Structures are given as C-alpha cells and as structure tokens.
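Quick notes on the structure that follows.
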There are 2 protein chains.
Amino acid sequence: MVNLKERKEKILQILLHHYIRTGQPVGSKTVAENYDLGLSPATIRNCFAELEEEGYLTHPYTSAGRIPTDKGYRFYVDSLIEIQQIVVKEEERIRHEYYLRLKRLEDILNYTSYLLARLSHYAGFVFSPKWERNVLQSVNFAPAGENKLLVTLLTKSGLVKYSLLDNERNIDEERLRRLSRILNRMFSGFSLAELSEKIYQEIDREEKKEIEYFKLAKRFLGQLLFSEGKEDIYLEGMNNIFNMPEFKDNKKLSDLFKFIEEKKFFFSWLKKELNSIVKKMKSEKELTNSNWINKRVKVTIGSETPFPEMRDCSVVTSVYEMDEQPVGFLGILGPKRMEYPQMISVVSFISQLVENVLQGGNYLKGESKKSRSNHPK
Amino acid sequence: MVNLKERKEKILQILLHHYIRTGQPVGSKTVAENYDLGLSPATIRNCFAELEEEGYLTHPYTSAGRIPTDKGYRFYVDSLIEIQQIVVKEEERIRHEYYLRLKRLEDILNYTSYLLARLSHYAGFVFSPKWERNVLQSVNFAPAGENKLLVTLLTKSGLVKYSLLDNERNIDEERLRRLSRILNRMFSGFSLAELSEKIYQEIDREEKKEIEYFKLAKRFLGQLLFSEGKEDIYLEGMNNIFNMPEFKDNKKLSDLFKFIEEKKFFFSWLKKELNSIVKKMKSEKELTNSNWINKRVKVTIGSETPFPEMRDCSVVTSVYEMDEQPVGFLGILGPKRMEYPQMISVVSFISQLVENVLQGGNYLKGESKKSRSNHPK
DNA sequence: TTTTAGCACTCTCCTAATCAAAGTGCTAAA
DNA sequence: TTTAGCACTTTGATTAGGAGAGTGCTAAAA
C-alpha cells in the first residue's frame, strides 16, 4: 500500500466520510468550511488534484466536486476507517429471540438474513452451512406408505435433510430400524463428507450378514447425499436498495435486481472468493489473534467483482464457523456508498451470534463437547 | 351486468385489446384505421364519450386517447375475452420435470412458482397446501441426541414437517418407537385438523397403560402442530415487473415491492378473499360442471383490492385441490394491463398440473385410493 | 518553497418558451 | 344516424438562457 502523506490521507478520509453521508460530490470549499484543517480551499484543491492523479478520486464532470474511485474506497476501508464496535440497541432482545424461539436451522438462517437486512438497512444474505462439513447426529429410516420410505438425516447443528425414496418393494419396519441403528452406530460423529466416502468403502470390512443392509444404505443415502448437495441462500431486504439515490435510474436498479435474483452467478463467485480468504485466514490465525473478529470480515467494493451490475454496490461478508471449521458465509449487500464502519460491525456481531447459536453449547445444550470427543481424529 | 349495445361492446373490446398490447392511450382514429368496423373516427368518438360516461373508460388528460377504467377491465375480463386454451410449448418437458425430478412438496411448490413466473413473464406465487387439510400418512419419533428428539410428520401429499424437541430426560428408542406406532395406528388417514382435535379428546377412552404415551404425544405433537400452523408462500419473478412501463416511475415500483415483500398484508387478504370464492365454488360445482376449469380462476383487478399499492396491478389466481378439497392457491401477479386470456390459461393449466402431481396417483403411486378408504367417514 | 487569493472557464441543473403531434368536442352537413 | 371539418387542449420534445458550484491556473503573499 502506498504511503500517502498524512495530510492527504486526512483529506481523503474527510472526503469519503462526507461523500458517504451526503451522496453529493464534495468540493474544496465544503471541506475547508466544515472540517477544521486550517487550510484554504485552494490548497485543498491542489491536494485533490494530486489524489486524483494517483487514482483515489475522480470527478463526474469537469467541474463538479470530487468523488472517490474504487481505489479510494479500498484505501478508506483498509486503512482509514476506525473500527468502532457499535452497540446494537436491541442486542438483548435479539439474543433472546435466537435462543428462545428458533430451533430449526432454516428458521435461524432465515431470521439471520432478516436481521442483517434490518440492522443494516440494506440487503442481508446468509449461506447455509456447508453440507459436507456438517457432522452427523443421526439417521432415521421410516416407512412412508406403500413402497416408500422417509429418510431423515439430522446433523449436530440442527440441520435436517429428508427425502422420500422409492423402493421396489416394502421393507418392514423392523429392518428399517435395524438399518438406522447400524448406520448410527457407525457414522454418528462423522462429517457428511466422510460419510459419503465411507459408505462406499466400509462395506468390505463388515461381517457378511450385514452386507444386505449396506447395500440398502448405499442406495438410500446415496440418493439423499447426492441430491442434497446444493446449499441454500437466504436473501432478505432487497427492497431497501430502492431508497438509494444511486439507483434512482431505473435501468441500473432493474439490472442489479435481475442479477441478484439469478443467485447462482454472483453468490457462487462470492463463495469461491471467500473460500480463498478462508485459507489465508487459517494461516494468519495463529499470528494475530487480537484483531481477529474484524479480520475475518471481508469488504468487496464495486468493480472488485467481475460483474458490471455490481459496479455501484459493495458487499460486507463474514465467515462463520462450526466446530472451529469455517462452514458458511453471511453478510450484507448495499450501495458502494455505505457506512462501512457500522456495517462491518453489524456483520461481525451477527456472525458471532450465529456461531454461538449454532455450536456454542447454547443451541444443543451440552452436546458439543460430547460430540467432539466422539469425532474421530 | 349492464347489457351494452353490441357495437359498443365491440369497441370496448378492441380498445382493451389494443391498449393491453401497446400501453398507449387509444384514440378514435387508431381504432377506425386498424380494425375494420366500417365506422368513422367521429362515430367512434361518440361511442367513446358514452362509454366514458358509463364509467368504462377515462382519459388521462383532456385530449389524449382513452384508457380503460377498472370497471372497463372488469367487463372485459368477465364477458369480452374469449378463453383460449393456449398451448404451452414445453408442456411435455414441464410434466416430465414434475414427475421425474421433484419429490418433496417444497421443491414442487418452489418449481411451480418459478414456472408461473416464467410462463407469464410476471410474478408467480404459490400458497402451500393448507396445513390442517393435509391427511396424515405417518408420524415418527426418533432420538436426536441428549434430551432431544426429532419428530417428523409425513402427509399423504408428501409434505414433511419436523421439529426438534427438548425433553427433560432421555426417552429410550424402544419407547419412542412404540409411541410412533400407536399414533400411526390411531391417526393415519386423519387430517391434521382432526388430529389436533382428537389428540386432546381421545385420551380418556384408551386403556390405562397407554396413558403415559398419550401424555407424551400430546406434548410433542402439540408443540409441532401449534408451531407449524403458518403456511408458506412461494413467490418468484418479481423482477419481471421491472420491465413494465407502468412502473417506470420509481416510487410506484418501490412501493409495490415493499408492499409485496411484506407478504402478510396482501396475501392474507387474498387468501380470505379466495376462501369466500371457494364456498361459492362448492355450491356451483354441481350445476355447471362444464366450464369448471376456468370458473375457478379468479381475476382481481387493481382497485378491487383495498391496497393503493396494488392500483396498477392485477392478480390471476386459481384454487388447487387435494382429495377433492380446495387446499391452496396459486397464481400470477402482473400489471393491470396484462394479457388476460393467456394468463388465465396459464394459471389454469399450472393449477391442474399441480393437482395431478399432488394427488392424481402420479405423485404417490397407488396411494391415493388406499388412503381414501382408510379415511374415516 | 508552500500557501493563498483572484479570476476566467466549464459544466450541470432548472426554468421558461416554443412547436409539432395527437386527439377531442362541437357543429353542421350528408 | 353518421360523417366531415375545425377550433381547442394538452403533452412531450427541444431549445435557450441564467444561476450556481467548483475547478485550474496565475500571480502574489507568507
């Protein structure tokens, strides 16, 4: 990162701050009058010109005030903003809501995306925890009418996946129960990724008389594990984007909306992007444990994505973990001109909260320890 | 319904037709030139004036062409449009998709809303089947970690509801299994509404030794039935509304969006409205069995809802049935100026398709008959 | 050498003015 | 009862002008 002279930095910061608040291009006079730098507009003009030359600022037309470029935003986010741990007013009520009312993972994630939207006044999104990283709590096979059975799969984090399967003949309850028991004994505590591997290997090592069950298990679970690979995205509050003056041009708004609703494009890009961050995180983790909470929050500004539709937007994301493994992402999407300090704080807060709820012993009381000891090395 | 003179009706129809296509106010000259009525613009002007006086037309300013009022739209929809059974191009592929790939109710409904949006080019929505009308297939209790159990509830239509429940102590598997069996024996084939009633009554009549199980059942199912009362709404394709010229005014669009995303208001109104239609349907059913398919499609135009945000929109809805009981609604939401004949056709087609998939023996093969005989009179 | 004051210049935004186009309502003729 | 003719109204697009805001440059001041 280039080391700008201190005064220049100060001016850049002021400009960003002001521009984010007002949305209007900022002129030299405005800066001189409203912030007490002891400098005349002319001096500030010179400074502006330099900053523009270096690529931090631009002006929309020959003689308007300056607005930051993406590079300017980036510098601001990386080195100029003071991280302020904002106090979320309703913190207590929110925690309460989580612990009391929300049991199912779907509900938790849904509420979380809603919450992100409400606290940020922008759009909130949550990726469901990575399916394959989830640790199996139990499998259950139950008869479900003629030639049908219902397979439910419960993970430690409270995620339930189910599937209705066909079989060419009825399997009696007793055998289904036996099947459930065997699988639970063998695989409880394994991650689902391990499960889908093992289910194809382990067969050979088992006693002959169980082999029939394994064939069944292979068939049933194979279907379920295979079909359930995709992860859900919870997205809420896109309507908040409507109020933003940067989208008063209808075309832009429309493009953005269509683009976002086509979840696959943007979010899968984001996921890939974040996965690489996660790797970096891991290696850094030992070194700088102090600033961790905010280090794992990632800000992506406008053209840092390859998508033209996102050119006026920024995304603040955070990883959330389960069993000390990063398993999912959540964050907010808003205009580039957003209040980054607050947003970073909100995302960070929520992400920690989700982690607590998902694994911190608050959600499945007393479970987490036991489960971890179960977990094979 | 007032009986307008035939020529007037013809002109009204032409105007509607033209206006819906172009979105521009229609003038007398346009009508005279493009449709051959053998009438001069002046005559048509006179006719317009009469129609306006009667409330079917209006003009946005002193001297533009005419546009229909809501009353005009209503007359058009009720008596002027010819119902045309449009051929959905991909009909075969769509059926295939339903029967092959979609097993879980959630997936079906989700796909349906997507399909409605795609075929209509507007927004599509689906109400999940009324919870209490669903017929129980089976209940299953499974242990789910320390002091927890997983209750799953499967209905004949393939709807699965589940809940993770706390209990102050562990209940061993054997007892849970016994509980499941008892409940299945007693309640399989009953609707969930009946179930939630019976579960509170039946206790007394049973043998003493089962009473403990009933207490458990009451507690567990009570929680599940109570908490799961709300129905889901699947909504897709709101972005299609963006292209509509009537919403080029950003404020309107924004209002509509916020209003619709606040699902409760509009959709709960719609539900109430439709429920009353359903009652009327029932009594008419015996009489006019012929035109039935389209009779159960309902069009709601702009100000026929009490919501100002909906003033430029229309909704085409259809009831869908299970076991000959209306259980849910689906439809599309678009601008008032929509191609009603096609839309009615699309909604009608999809609603029949959904019925087939949900109950017609295609979804749970061979189940429906047996289940119905199980069903207590 | 750095900062400041002064001034000409540029560009946007707002308003008013003008003009063609579209369509009506009315009157009188067919 | 229908039609032709014509004056009238309103919109929308275009143009022009002027105020406002802010810059860049130059020369003076610190």
Side-chain angles (χ1 to χ4, degrees), chain A residues 4-12 14-19 21-69 72 245-246 248-250, chain B residues 4-12 14-19 21-69 72 245-246 248-250:
Chain A
L4 299 170
K5 263 225 300 289
E6 198 178 331
R7 198 183 60 193
K8 257 200 257 180
E9 283 190 10
K10 186 69 188 164
I11 286 176
L12 182 55
I14 285 172
L15 186 138
L16 261 296
H17 181 77
H18 196 91
Y19 179 67
R21 266 195 20 238
T22 64
Q24 299 299 318
V26 184
S28 53
K29 211 172 111 192
T30 316
V31 174
E33 278 173 6
N34 294 298
Y35 304 83
D36 210 33
L37 290 166
L39 294 174
S40 76
T43 315
I44 290 167
R45 268 207 295 285
N46 290 332
C47 192
F48 277 1
E50 289 173 47
L51 282 165
E52 181 161 357
E53 197 156 341
E54 292 164 56
Y56 295 99
L57 298 181
T58 186
H59 46 215
Y61 48 89
T62 319
S63 191
R66 297 308 208 290
I67 59 173
T69 60
E246 30 269 279
K248 70 169 189 285
D249 167 17
N250 216 298
Chain B
L4 298 171
K5 263 225 300 288
E6 198 177 331
R7 198 183 60 193
K8 256 200 257 179
E9 282 190 11
K10 186 70 187 162
I11 287 176
L12 182 54
I14 285 172
L15 186 137
L16 260 296
H17 181 76
H18 196 92
Y19 180 67
R21 267 194 18 237
T22 65
Q24 300 298 317
V26 184
S28 53
K29 211 173 108 193
T30 317
V31 173
E33 278 174 7
N34 293 298
Y35 302 84
D36 37 68
L37 291 167
L39 294 175
S40 76
T43 315
I44 291 166
R45 268 208 294 286
N46 289 333
C47 192
F48 277 0
E50 288 173 47
L51 282 165
E52 181 160 357
E53 197 157 339
E54 293 165 56
Y56 294 99
L57 298 180
T58 185
H59 45 215
Y61 49 88
T62 319
S63 191
R66 297 308 208 289
I67 59 173
T69 60
E246 29 269 279
K248 70 171 191 283
D249 168 16
N250 217 301

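Quick caveat, the model's predicted, so the values are computed rather than measured.
The distance between atom NE2 of B/His18 and atom C1' of C/dG23, rounded to the nearest whole Å, is 14 Å. Across the protein-nucleic acid pair, B/Glu52 atom CD and C/dT24 atom C1' stand 10 Å apart, rounded to whole Å. In this structure, NZ of B/Lys29 is placed 11 Å from P of C/dA21, rounded to the nearest angstrom.
Between C/dG23 and B/Ser63, no contact under 4.0 Å exists linking OP1 or OP2 to a side-chain N or O. Taking 4.0 angstrom as the limit, B/Arg66 places a side-chain polar atom (N or O) nearer than this to OP1 or OP2 of C/dT24.
Looking at every heavy atom in both residues, B/Pro68 comes nearest to B/Leu15 through CD-CD2, 3.9 Å. Across every non-hydrogen atom of B/Ile11 and B/Ile44, the tightest pair is CD1-CG1, 4.3 Å. Here the closest heavy-atom approach between residue A/His59 and residue A/Gly65 is recorded as CB-O, 3.4 Å. Between B/Leu16 and B/Gly72, the closest heavy-atom pair is CD2-O, 4.3 Å.
Listed by first residue number, the stems of DNA chain C with at least three Watson-Crick or G-U pairs below 3.5 Å are C:1-30 with D:1-30.
DNA chain D lies under 4.0 Å from at least one heavy atom of each of the following residues of residues 42-50 of chain B: B/Ala42, B/Thr43, B/Arg45, B/Asn46.
Comparing B/Pro60 and B/Leu39, the nucleotide of DNA chain D nearest to each residue sits closer to the 5' end for B/Leu39.
A distance of 10.0 Å separates OG1 of B/Thr22 from NE2 of B/His17, quoted to the nearest 0.5 Å. Here the OH-CD distance, from A/Tyr56 to A/Glu9, works out to 8.5 Å after rounding to the nearest 0.5 Å.
The outermost nucleotides of DNA chain D lying under 4.0 Å from heavy atoms of chain B, listed 5' to 3', are D/dT2 to D/dT11.
Among residue pairs with one or both ends in residues 57-66 of chain A, those qualifying as salt bridge (charged side-chain N to carboxylate O under 4.0 Å, His left out) are A/Glu52-A/Arg66; sequence neighbours excluded.
With sequence neighbours excluded, the residues satisfying side chain to side chain donor-acceptor pair (under 3.5 Å) with B/Glu246 are B/Arg337.
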When the side chains of residues 25-41 of chain A are checked against the rest of the protein, which donor-acceptor pairs come out under 3.5 Å, sequence neighbours left out?
from: A/Ser28; atom 1: OG; to: A/Arg45; atom 2: NH1; distance (Å): 3.3
from: A/Asn34; atom 1: ND2; to: A/Thr30; atom 2: O; distance (Å): 2.9
from: A/Tyr35; atom 1: OH; to: A/His18; atom 2: ND1; distance (Å): 3.1
from: A/Ser40; atom 1: OG; to: A/Ala42; atom 2: N; distance (Å): 3.4
from: A/Ser40; atom 1: OG; to: A/Thr43; atom 2: N; distance (Å): 3.4
from: A/Ser40; atom 1: OG; to: A/Thr43; atom 2: OG1; distance (Å): 3.2

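At least one donor-acceptor pair under 3.5 Å links the side chain of B/Thr69 to the backbone N or O of B/Gly55.
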